[in-house]
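To find a chain, count down the sequence lines: A is the first, B the second, and so on, and within it residues start at 1.
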2 protein chains.
Amino acid sequence: MSAHEQLGFRALADPTRREILHLLAGRELTIAEVAENFDMTRAAVKKHLSILGEGDLISVRAEGRSKLNAVNPAGLKRVADWFGYFDAFWDERLNTLKSEIEKDTQ
Amino acid sequence: MSAHEQLGFRALADPTRREILHLLAGRELTIAEVAENFDMTRAAVKKHLSILGEGDLISVRAEGRSKLNAVNPAGLKRVADWFGYFDAFWDERLNTLKSEIEKDTQ
DNA sequence: GCTTTGTGATACCGTTTGGTTTCACATTTA
DNA sequence: TAAATGTGAAACCAAACGGTATCACAAAGC
């Protein structure tokens, strides 16, 4: 078990953080922009983003005085790959997803 | 977000529970048999199995005075499917994100 | 310079989590 | 019946979690 795998699973355990990942899918957002979508303070959102970063699920880049947060597909893939251990026990739908991810990361 | 999805992610957040699922892959085990693989009491293992059950990740059947625990592939698949949300974004974003991340980390 | 705006970080608080200990209940076997 | 074995559940505790409030720092615009 890699540290990133553990931190990734921990990060995904909170529904707010999973929703943040959905918000970030396809676009970069600042902390303030993410916070607009939730009924909580920016400090709380910052904590969630930090935990997502520790799990390698998002990346951050600076632009002026702003920090833009984006999903890190490679980090998400690392967590998703854990389920591959059980490939022999279910139908091929996940295998299809898995192969598509692997194709994308080539 | 279904309740099972949330409880499933919560159950997977703990490394002991993920290891239990690996132990149960392909065979049914009693609580005592699972506990033999860890340095913790059966009561603690029972708690983990209960949480895995709440997440619909395992099923339990009685046999005599024993209870046999087994992985529930459908429950695991339900959690794994969450990652499918990002299917549409992986194609268009992965390469861009990867290059930007590599640029930032240089 | 000064103000505004965005982020970072700390202290604090109530709740949850992961573990133990202990006891009770249920089922097999002598 | 009694003893042995396996599970269930409660009380308890330290640590982690999710949130707030507050303050400090950095960059852009006046």
Side-chain angles (χ1 to χ4, degrees), chain A residues 1 3-24 27-72 79, chain B residues 1 3-24 27-71 79 104:
Chain A
M1 171 190 63
H4 268 153
E5 180 184 293
Q6 166 55 22
L7 293 174
F9 271 110
R10 178 177 73 109
L12 290 176
D14 185 88
T16 299
R17 288 193 286 269
R18 293 198 302 278
E19 193 174 345
I20 288 176
L21 286 176
H22 278 185
L23 281 174
L24 294 179
R27 58 184 168 167
E28 297 177 303
L29 295 177
T30 65
I31 294 181
E33 288 168 337
V34 172
E36 290 173 4
N37 294 272
F38 297 94
D39 186 23
M40 70 180 71
T41 63
R42 279 175 311 204
V45 170
K46 163 61 179 167
K47 277 194 182 181
H48 284 305
L49 290 172
S50 296
I51 292 174
L52 287 168
E54 290 170 6
D56 201 32
L57 302 183
I58 65 171
S59 59
V60 189
R61 68 181 183 90
E63 186 163 290
R65 59 182 164 185
S66 297
K67 298 280 185 76
L68 294 177
N69 301 271
V71 291
N72 176 20
V79 179
Chain B
M1 172 190 64
H4 269 152
E5 180 183 293
Q6 166 55 22
L7 293 174
F9 270 110
R10 179 179 71 111
L12 290 175
D14 185 88
T16 298
R17 289 194 286 269
R18 293 199 302 278
E19 193 174 345
I20 288 176
L21 287 176
H22 278 184
L23 281 174
L24 294 178
R27 57 184 167 167
E28 297 176 301
L29 295 177
T30 65
I31 294 181
E33 289 168 337
V34 172
E36 289 173 4
N37 295 272
F38 298 94
D39 185 22
M40 71 180 69
T41 63
R42 279 175 313 204
V45 170
K46 162 63 178 168
K47 278 192 181 182
H48 284 306
L49 289 171
S50 295
I51 292 173
L52 286 168
E54 290 170 6
D56 200 32
L57 302 182
I58 64 170
S59 58
V60 188
R61 68 181 183 87
E63 186 162 291
R65 59 182 164 186
S66 297
K67 298 280 185 75
L68 293 177
N69 301 271
V71 291
V79 179
D104 287 349

In whole angstroms, how far is the [atom2] atom of [N] from the [atom1] atom of [X]?
X: A/Leu52; N: D/dG18; atom1: CG; atom2: C1'; answer: 14 Å
X: B/Gln6; N: C/dT16; atom1: CD; atom2: P; answer: 13 Å
X: A/Leu68; N: D/dA27; atom1: CG; atom2: C1'; answer: 14 Å
X: B/Leu29; N: D/dT7; atom1: CG; atom2: P; answer: 11 Å
X: B/Leu49; N: C/dG18; atom1: CG; atom2: P; answer: 13 Å
X: B/Arg61; N: D/dT7; atom1: CZ; atom2: P; answer: 13 Å
X: A/Glu54; N: C/dG8; atom1: CD; atom2: P; answer: 13 Å
X: B/Leu12; N: C/dG18; atom1: CG; atom2: P; answer: 12 Å

Contact between A/Phe38 and A/His48 at the side-chain level, heavy atoms closer than 4.5 Å - yes or no?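 A/Phe38 does not reach A/His48 side chain to side chain.
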
Per [X] side chain, nearest of listed nucleotides [options]:
X: B/Ile31; options: C/dG18, C/dG8, D/dT7; answer: D/dT7
X: B/Arg65; options: C/dT7, D/dT5, C/dT4; answer: D/dT5
X: A/His48; options: D/dT7, D/dG19, C/dT7; answer: D/dG19
X: A/Ala43; options: C/dG18, C/dG8, D/dT22; answer: D/dT22
X: A/Ser66; options: D/dT7, D/dG18, C/dG6; answer: C/dG6

Pairwise distance [atom1]([X]) to [atom2]([Y]) - rounded to 0.5 angstrom:
X: A/Leu29; Y: A/Asn37; atom1: CG; atom2: CG; answer: 7.5 Å
X: A/Arg10; Y: A/Arg17; atom1: CZ; atom2: CZ; answer: 6.5 Å
X: A/Leu49; Y: A/Thr16; atom1: CG; atom2: OG1; answer: 11.0 Å

Taking for each residue the nucleotide of DNA chain D bearing the nearest heavy atom, is the 5' side occupied by B/Lys46 or by A/Met40?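 Between the two, 5'-proximity favours B/Lys46.
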
Of A/Arg17 and A/Gly64, the one whose closest DNA chain D nucleotide lies more 5':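 By nearest-heavy-atom nucleotide position, the 5'-most residue is A/Arg17.
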
Is any side-chain nitrogen or oxygen of [X] closer than 4.0 Å to OP1 or OP2 of [N]?
X: A/Arg10; N: D/dA16; value: no
X: A/Lys67; N: C/dG8; value: yes
X: B/Thr41; N: C/dT20; value: yes
X: B/Thr30; N: D/dT7; value: yes

Using a heavy-atom cut-off of 4.0 Å across all strands, would you classify A/Ala44 as base, sugar-phosphate, or nothing?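 Contact class for A/Ala44: base.
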
Under the criterion side-chain contact (heavy atoms from CB on, under 4.5 Å), I'd like the reasoning laid out for A/Lys67 against A/Ile31: C-alpha separation, chi angles, the key distance, then a yes or no. CA-CA 7 Å; A/Lys67 298 280 185 76; A/Ile31 294 181; 5.6 Å; no

